[in-house]
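This report refers to the structure that appears directly beneath it.
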There are 2 protein chains.
Amino acid sequence: MMIDKYSSTPVYLQLEQYLSEEIASGKLKPGDALPSENTLCAEFSISRMTARKAVDYLVRQGKVERRRGQGTFVARQENNLRISLPLDRHLSSSEATLGAGKEVTNHLICLVLQKSPPSIAAQLHIPAGTNIWFMKRLRLVGDVPFVFEQSWMLAAPFSDLSETDLNRSKYAYIARKGFTVERSEKEIRAELPSQEVRDMLGINREEPVLHATSVAMLRGFGPFEISDIYYNQQHYRFTLTATRD
Amino acid sequence: MMIDKYSSTPVYLQLEQYLSEEIASGKLKPGDALPSENTLCAEFSISRMTARKAVDYLVRQGKVERRRGQGTFVARQENNLRISLPLDRHLSSSEATLGAGKEVTNHLICLVLQKSPPSIAAQLHIPAGTNIWFMKRLRLVGDVPFVFEQSWMLAAPFSDLSETDLNRSKYAYIARKGFTVERSEKEIRAELPSQEVRDMLGINREEPVLHATSVAMLRGFGPFEISDIYYNQQHYRFTLTATRD
DNA sequence: GAGTGGTCTAGACCACTAA
DNA sequence: TAGTGGTCTAGACCACTCT
């Protein structure tokens, strides 16, 4: 294998391709160490920044992982060990099965009453400037966060909403007020997380996350909550069922 | 705004944070140019590689886009223009509404009969080594690909499967054989695409994709097809509905 | 021609891990 | 202590766009 410095494909892409093939072909097996960055520099007569850039792409694709002080290793697939969570069911109904003995907890990060900005107001069918709750929550199984959620919720029917309610169960609170959450419409995207989301979910900076924007509906009432939901893929798997109609 | 070179947070993360806030606060609006890389170097007394690394993260998050020879610009949100596609319905039933006048087409890339590898066999409840179909398909609305699909399908009940069937409608073919696709169980992940997927979907290297691994079931028969499905987010939005139980 | 982003170099110092 | 990855510098040349 040679690197062609005069090719129109950048050196770092050539090296990415080469290492990818070593992994795909099985010459490098899960758990194996890649050549160290300095070795790659020497072997291909390139600078370290270039070698690192090639490896960066493999890290982002989840094909290898770096361990400081140790080396870079071909990733092991641990898909089957991760806890499975349905995206097409309300979390409240899946929490029982989720924990597998561990406790599901909520950690409220902030809760404030604010004036609704126009974009949120439009989705909730209220005038801009109406009071709404804004909150950020982290949800964990044991001590591993699986969801970071940021949401805007109608304030009028829920004026006595408290931190305690949110640290326990929002659904239980809503039920006590005599409402039922009927369904939520979600749009799902793959995204690279911002710093805040990375910090909250404890994510390696190179790993993409699932991001849902959700509109939740109350029975006989319509939309009452807009949420941005970020799902942690490192320790959980997200599933859904597709049907005919 | 100052950069603290002696902080434990790396300089490039501080700069990423700063620029993120400029965008979030609206000081930099969609379409606005960021300071050029050389300007950032001078303003914060950092080297260009460091400035670029900060901007790299914003590019990957989709917050800005680079245009060679022009500059780096705050991304415009075009979410509402993208075609919406439900993940919780079979594609066959949504194709009618999907196109909005444009034609939905299939482009078969490969179709071969092969021996089932153990991992696929286990999921299809057949012995390893049984004959199965392996195929790759690209599905497009007009000439924009929205799905790249790679799948392994039982060969026994579908021995006369042809390229023509797959370029038209796989569901129609299955129906002609007297079967009904009941449902499919999907696991959804956010991933950075490999070279093949990037090429197929025409994706910029920095953009993550949605990746579903699906098991499709025939009514009264069980699993008959395993698929890897990659969804193009650049021109489509993917939705689903969550319900109680 | 001037300015932009795209790539690359050849060093450097640091924090961390393992022997 | 030696080797690893993490960060950073101060340059360089290139391809591209706009005026």
Strictly under 4.0 angstrom, non-hydrogen atoms only: write out the protein contact profile of nucleotides 11-19 of chain C, one letter per nucleotide from the 5' end, B, S or -.
-B--BBBS-
Is there any salt bridge (charged side-chain N to carboxylate O under 4.0 Å, His left out) pair reaching into residues 32-42 of chain B, and which pairs are they, with sequence neighbours excluded?
B:Glu37-B:Arg48, B:Glu37-B:Arg52, B:Glu37-B:Arg66
For B:Lys29, enumerate each residue passing the salt bridge (Lys or Arg N to Asp or Glu O under 4.0 Å) test, keeping only those at least two apart in sequence or located in another chain.
none
Tell me, do A:Ile23 and A:Val64 make a side-chain contact under 4.5 Å, heavy atoms counted?
yes
Earlier contact from the 5' end, DNA chain C, for A:Ser45 and B:Arg66:
B:Arg66
OP1 or OP2 of C:dG6 sitting under 4.0 Å from any side-chain N/O of A:Lys53?
no
Could you check B:Ser36 against A:Thr50 and say which one's nearest nucleotide on DNA chain C is further toward the 5' end?
B:Ser36
Distance below 4.0 Å between B:Thr72 side-chain N/O and C:dG5 OP1 or OP2:
yes
Please list, chain by chain and in numerical order, all residues satisfying salt bridge (Lys or Arg N to Asp or Glu O under 4.0 Å) with B:Glu149, sequence neighbours excluded.
B:Arg137, B:Lys170
When rounded to whole Å, the OH to P distance for the pair B:Tyr6 and D:dC8 reads 12 Å
At under 4.0 Å between heavy atoms, what does B:Val11 touch on the DNA or RNA strands: base, sugar-phosphate, or nothing?
sugar-phosphate
Looking at B:Lys5, I'd like to know whether one of its side-chain N or O atoms comes within less than 4.0 Å of OP1 or OP2 on D:dT9.
yes
In terms of heavy-atom contacts, B:Tyr12 and B:Thr50 come closest through CB-O, 3.8 Å
Listed nucleotide nearest any side-chain atom of A:Tyr12, set C:dT4, C:dC8, D:dT9
C:dC8
Closest approach to the side chain of B:Arg52, judged atom by atom: which nucleotide of C:dT9, D:dT7, C:dG5 is it?
C:dG5
Could you list the residues that satisfy salt bridge (Lys or Arg N to Asp or Glu O under 4.0 Å) with B:Glu43, not counting sequence neighbours?
none
Tell me: CD of B:Glu37 to C1' of C:dC8, nearest whole Å?
14 Å
Atom CG of B:Leu40 and atom P of C:dG6: how far apart are they, to the nearest Å?
13 Å
Within this structure, what is the CG-to-C1' distance between B:Asp4 and D:dC8, rounded to whole angstrom?
15 Å
Just how far, in rounded Å, is C1' of D:dC16 from CZ of B:Phe73?
13 Å
What is the separation between atom CG on A:Leu15 and atom C1' on C:dT7, rounded to the nearest whole Å?
14 Å
Among residues at least two apart in sequence or on other chains, which ones pass ring-ring contact (aromatic ring centres under 6.0 Å, His included) with B:Trp152?
B:Phe134
